[in-house]
Amino acid sequence: MELLVASAIGILTAGGLYLTLRLRTFPVILGISLLTYAVNAFLFATGRLTVGAPPILREGIETYTDPLPQALVLTAIVISFGMTAVVVMISLGAFLGSDDDHVDDQPDRDELRPEGTS
């Protein structure tokens, strides 16, 4: 099970990095989302992968999972959803302002010249 989760985290990270290095805004947003999923899976896996064990230590229970990574993942999900919404709005504003969704747009040559020179 650990190999499966580690492989999934590696694939999510590789896909997220590939999409983040693209030159369009939508793949960058998807790449950042994949990276947050990879981090969430990593945080969740740090609490020991046990199936059917409760996250609370009570009397008579010998196997349990650590509840701290579960709380961290829930918090990270909320934060990543909010940040994704902010990035989508910023990229939508940039697209509507320039009619292009390239991340590394170069300014025109006329904009680089100081005023009064030709």
Identify whether [X] and [Y] are in the same connected component of the hydrophobic contact network (ILVMFWY, side-chain heavy atoms under 4.5 Å).
{"X": "Ile32", "Y": "Leu12", "answer": "no"}
{"X": "Ile9", "Y": "Met1", "answer": "yes"}
{"X": "Val73", "Y": "Val39", "answer": "yes"}
{"X": "Ile79", "Y": "Ile90", "answer": "no"}
{"X": "Phe44", "Y": "Leu72", "answer": "yes"}

Requested in this report: For residues Leu34 and Gly15, report the shortest heavy-atom separation together with the two atoms involved.
Outcome: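 Shortest heavy-atom separation between Leu34 and Gly15 comes out as CD1-C, 3.9 Å.
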Report task. Could you pull out the closest heavy-atom pair between Gly31 and Leu19, with the gap in Å? Result ->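 Residues Gly31 and Leu19, closest heavy atoms: CA-CB, 3.6 Å.
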Query raised in the report: In Å and rounded to the nearest 0.5 Å, what is the CZ to CG distance from Arg22 to Leu17?
Result: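 One finds 13.5 Å between CZ of Arg22 and CG of Leu17.
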Report task. Quick one: pull up CZ in Phe26 and OG in Ser91 and give me the separation to the nearest 0.5 Å. Result ->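 Between atom CZ of Phe26 and atom OG of Ser91 there are 9.5 Å.
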**Report entry** Residues forming a side-chain contact (heavy atoms from CB on, under 4.5 Å) with Ala45, sequence neighbours excluded
**Finding:**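 Partners of Ala45 by the side-chain contact (heavy atoms from CB on, under 4.5 Å) criterion, ordered by chain and then number, come out as Val5, Leu49.
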Query raised in the report: Side chains of Leu35 and Thr13: closer than 4.5 Å at any heavy-atom pair?
Result: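 With C-beta onward as the side chain, the pair touches.
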